[in-house]
Amino acid sequence: MSTSPCTSCGACCAFFRVSFFWGECQSSGGTVPDDTVELVTPSLVAMRGTSQPNPRCTKLAGEIGEDVRCTMYEQRSSSCRDFDASWENGEHNPRCDDARAKHGLPPLSPQPVINHIPVLQLRS
Ligand code: SF4
Ligand code: SF4
C-alpha cells in the first residue's frame, strides 16, 4: 500500500487562501465548523489563517515538508477535498507544484509505469 505524499507535505494548506461557499459551514447544514472560518465576502468564507500574507490554515498540524495532518479531515471543505496531489490520479496539478516550491519542496513525479513481466515461461 502506498502512502499519500500529502502526509509529508502540507504545502497547499500554507500557500493559498482556502475559500469556499459559506453554505458548507455547519450553521448552514454543511460540515465545516463555523469557528474555523472567517468571512471574505457575504457569500464566501476562508479557512482561518489562509487570508494572511504568510498563510497557514489553523487546522494544519505538524511540520510542513516533514509530517503533517489536517485536524478536521472528515469535516474539511470541498476546496480541500477537491485539491489533488500532482499525478495522484494521473493528472499533473501545477498548483500543487507551486505550493511545494514555495516551501522548498520539489514537484512530485508521475508514478513509474511497471512493465508487465511474464511469470510463465513456455517450454518447447
Ligand atoms: S482544513 Fe485541513 S486540508 Fe483544508 S486547508 Fe486546513 S489543514 Fe489543509
Ligand atoms: S501541495 Fe500537493 S503534495 Fe503537498 S499536501 Fe498539497 S496536494 Fe499534497
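All ligand and atom numbering here is 1-based and tracks the order in the structure. Quantities reported herein were computed from a predicted structural model and do not represent experimental measurements.
The contact set between ligand 1 and Cys80, taken as ligand atoms under 4.0 Å from a residue heavy atom, comprises 1 (S), 3 (S), 4 (Fe), 5 (S). Near Ala85, meaning under 4.0 Å from one of its heavy atoms, ligand 2 places the atoms 7 (S), 8 (Fe). Close approach of ligand 1 to Lys59 (heavy-atom distance below 4.0 Å) involves ligand atoms 7 (S). In summary, the atoms of ligand 2 found under 4.0 Å from a heavy atom of Cys12, numbered by their order in the structure, are 1 (S), 5 (S), 6 (Fe), 7 (S). Using a 4.0 Å cut-off to heavy atoms of Leu60, the atoms of ligand 1 that qualify are 7 (S). Every atom of ligand 2 with a heavy atom of Arg100 under 4.0 Å away is listed here by number and element: 1 (S), 3 (S). With ligand atoms numbered from 1 in the order given, ligand 2 contributes 7 (S) to contacts under 4.0 Å with heavy atoms of Phe83. Which parts of ligand 2 touch Leu108 is read off a 4.0 Å heavy-atom cut-off, strictly below it: atoms 3 (S). If you number the atoms of ligand 2 from 1 as listed, the ones under 4.0 Å from a heavy atom of Gly10 come out as 4 (Fe), 5 (S).
At least one side-chain heavy atom of Ile64 sits less than 4.5 Å from a side-chain heavy atom of Arg56.
For atom 6 (Fe) of ligand 1, the N/O/S atoms of Cys57 include one lying under 2.8 Å.
Protein heavy atom nearest atom 4 (Fe) of ligand 2, with residue, atom name and distance: Cys9 SG, 2.3 Å. The single protein non-hydrogen atom nearest to atom 2 (Fe) of ligand 2 is Cys96 SG, 2.4 Å, given as residue, atom name and distance. Of the protein's non-hydrogen atoms, the one nearest atom 8 (Fe) of ligand 2 is Cys6 SG, 2.3 Å.
Under the 3.5 Å distance criterion, the side-chain polar atoms of Thr50 are matched with a main-chain donor or acceptor of Val18.
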Report task. Might you work through the side chain to side chain contact (heavy atoms under 4.5 Å, CB included) test for Arg95 and Cys12, ending with a clear yes or no? Result -> CA-CA 8 Å; Arg95 299 172 76 217; Cys12 56; over 6 Å; no
Requested in this report: Please step through side chain to side chain contact (heavy atoms under 4.5 Å, CB included) for the pair Arg76 and Met47, ending with a clear verdict.
Outcome: CA-CA 10 Å; Arg76 70 199 193 286; Met47 289 306 299; over 6 Å; no
Query raised in the report: Could you go step by step and tell me if Trp22 and Val37 meet the side chain to side chain contact (heavy atoms under 4.5 Å, CB included) rule?
Result: CA-CA 9 Å; Trp22 66 270; Val37 304; over 6 Å; no
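Of the residues Asp98, Asp97, Asn93, the one that meets the side chain to side chain contact (heavy atoms under 4.5 Å, CB included) test with Pro107 is Asp97.
Heavy atoms of other residues, nucleotides or ligands lying less than 6.0 angstrom from CZ of Arg17 number 12 at most. More than 12 heavy atoms of other residues, nucleotides or ligands lie within 6.0 Å of CG in Asp82, so this atom counts as buried by the packing criterion.
Nearest heavy atoms, Ser77 versus Phe20: OG-CD2, 3.3 Å.
With a heavy-atom cut-off of 4.0 Å, Asn93 does not touch ligand 2 at all.
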